[in-house]
Amino acid sequence: MPEILEIEYYRRLAHRSLDRPIASVSAPDAWYLKGDTDAARLTGELVGDSFVAARRIGKLLLLDLGGGVALGLRFGMTGVLEIDDDEGVDQLRYASARRDPEWVRFSVRFGDGGELRMRDARRLGGVELDPAEDRLGADALSLTGAQLRSALAGSRAPLKARLMDQHHIAGLGNLLTDEILWRARLDPARPAGELDATTRRRLHRHLCTTLDQLLERGGSHTGDLMVARERGGSCPRCGSALLRRTIGGRTTYSCPAEQR
DNA sequence: ATTGTGGCCTGCCCGC
DNA sequence: TGCGGGCAGGCCACAA
């Protein structure tokens with residue numbers, strides 16, 4: 001499950017693709033091309049040009065072309081970025097380590113012989129030219145307290161669902177959100193708009209430190225709750241049996257004793 | 001607008 | 001040993 005941390009690793013890896021003239025594009029899977037993007041348009045926009053910047057908004061990776069168009073890459077749950085046969089992450093939870101050539105849904109060959117590839121077994125990711133960037137909320141890795149406040153304000157949705165709503169905060173997925181709320185000792189089911197200022201600041205603090213720490217450790221799957229995130233798991237802090245629920249349409253683990 | 005639900009995709013794991 | 005069902009979750013369409 002690439003979440004914001006994995007896409008940040010991909011963005012750093014993607015620096016290696018900058019300023020290398022593009023010789024050809026392979027987009028064999030039409031289903032993988034989103035919006036009005038098709039193989040012919042991709043070839044027309046990319047070939048002969050180069051990527052000049054690698055940006056990221058939440059889980060969306062953006063490679064800017066010299067001509068002004070942006071190539072948007074979404075990785076879904078199992079998407080992996082490879083450049084010149086190096087991968088952006090060592091291991092992706094739920095993604096296979098196999099490198100089946102059939103799983104390459106999109107690739108860009110550079111004039112120097114190197115290649116950028118998107119490998120995605122389950123085809124939940126996608127490629128789109130000029131994706132709608134303005135539909136994404138504030139980026140979670142640089143989220144300010146004011147941005148968190150405005151993202152939660154007035155919402156009656158469960159706190160977890162609101163934190164994962166990419167239109168309000170971009171980048172948080174299921175594992176990171178469970179980890180953050182567990183560290184902040186907050187019930188994922190609490191109505192998002194009902195946090196008082198003190199509690200909201202606590203959440204903001206844990207959100208920032210969790211992302212920083214897990215980015216250092218190596219990814220979304222390195223959280224402290226992770227080892228217990230299975231049926232029958234118990235809280236790594238207090239030992240209580242963890243609660244397993246569906247919140248915001250996602251399997252959610254929380255400690256009923258500590259998270260209030 | 002907000003919130004909830006279902007479906008997409010398919011590899012993998014478990015139980016029989 | 002093979003098979004079938006459930007599960008994983010990012011994202012979108014849709015309904016109320």
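A, B, ... follow the sequence lines: proteins, then strands. Residue 1 opens every chain.
Note on A/R231: only backbone sugar-phosphate atoms sit closer than 4.0 angstrom, heavy atoms only; bases stay farther off. Using a 4.0 Å heavy-atom cutoff across all strands shown, A/P131 reaches no nucleic acid atom at all.
Atom pair A/D178:CG and C/dA8:C1' shows a separation of 13 Å (rounding to whole Å applied). For A/R244 and C/dG6, the CZ to C1' distance is 11 Å, given to the nearest whole Å. Nucleotide B/dC9 holds its P atom 15 Å from the CG atom of A/L33, rounded to whole Å. Taking atom CG of A/D100 as the reference point, atom P of B/dG11 lies 8 Å away to the nearest angstrom. Here B/dA1 presents its C1' atom at 11 Å from CZ of A/R156, a figure rounded to the nearest Å. One atom, NZ of A/K160, and another, P of B/dT3, lie 17 Å apart when rounded to the nearest Å. The nearest whole Å value for the distance from the CZ atom in A/R122 to the P atom in B/dC9 is 14 Å. The CD-P distance, from A/E230 to C/dG6, rounds to 21 Å in whole Å.
Closest to the side chain of A/A121, out of B/dG4, B/dG11, C/dG10, is B/dG11. When each of B/dG4, B/dT10, C/dG10 is scored by its nearest atom to the side-chain atoms of A/R123, the top-ranked nucleotide is B/dT10. Distance from the side chain of A/N174 is smallest for C/dG10 among the nucleotides B/dT3, B/dC9, C/dG10.
For the 3.5 Å distance criterion, the side chains of A/R183 and A/Q213 qualify, holding a donor opposite an acceptor. A side-chain donor from one of A/T199 and A/D196 sits under 3.5 Å from a side-chain acceptor of the other. Residues A/S254 and A/R245 bring a donor and an acceptor atom of their side chains to less than 3.5 Å of each other. Under 3.5 Å, the side chains of A/R244 and A/Y253 contain a donor-acceptor pair of N or O atoms. There is a side-chain donor-acceptor pair under 3.5 Å between A/E6 and A/S220.
Judged as a side chain to side chain donor-acceptor pair (under 3.5 Å), and not counting sequence neighbours, A/D38 has no contacts.
Applying the 4.0 Å criterion to OP1 and OP2 of C/dC7, one finds that A/T251 has every side-chain N and O outside that range. Between A/W31 and B/dC8 there is no side-chain polar atom (N or O) within less than 4.0 angstrom of OP1 or OP2. The shortest distance between the side-chain N/O atoms of A/R162 and the OP1/OP2 oxygens of B/dT3 is below 4.0 Å. In this structure, A/T78 does not reach the C/dA8 phosphate: none of its side-chain N or O atoms is under 4.0 Å from OP1 or OP2.
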Listed pairs, N/O of protein and of nucleotides 11-13 of chain C, under 3.5 Å:
unit_1 : atom_1 : unit_2 : atom_2 : d
C/dC11 : OP1    : A/R74  : NH1    : 3.2
C/dC11 : N4     : A/R250 : NH2    : 2.5

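Ring pair A/F75/A/Y10 is tilted by interplanar angle, where 30° to 60° counts as tilted.
Across all their heavy atoms, A/P2 and A/T78 have their closest contact at CD-N, 4.1 Å.
Summary of the strand contacts: A/G249 and A/H168 both lie near DNA chain B, and taking for each the nucleotide with the nearest heavy atom, the more 5' one is attributed to A/H168.
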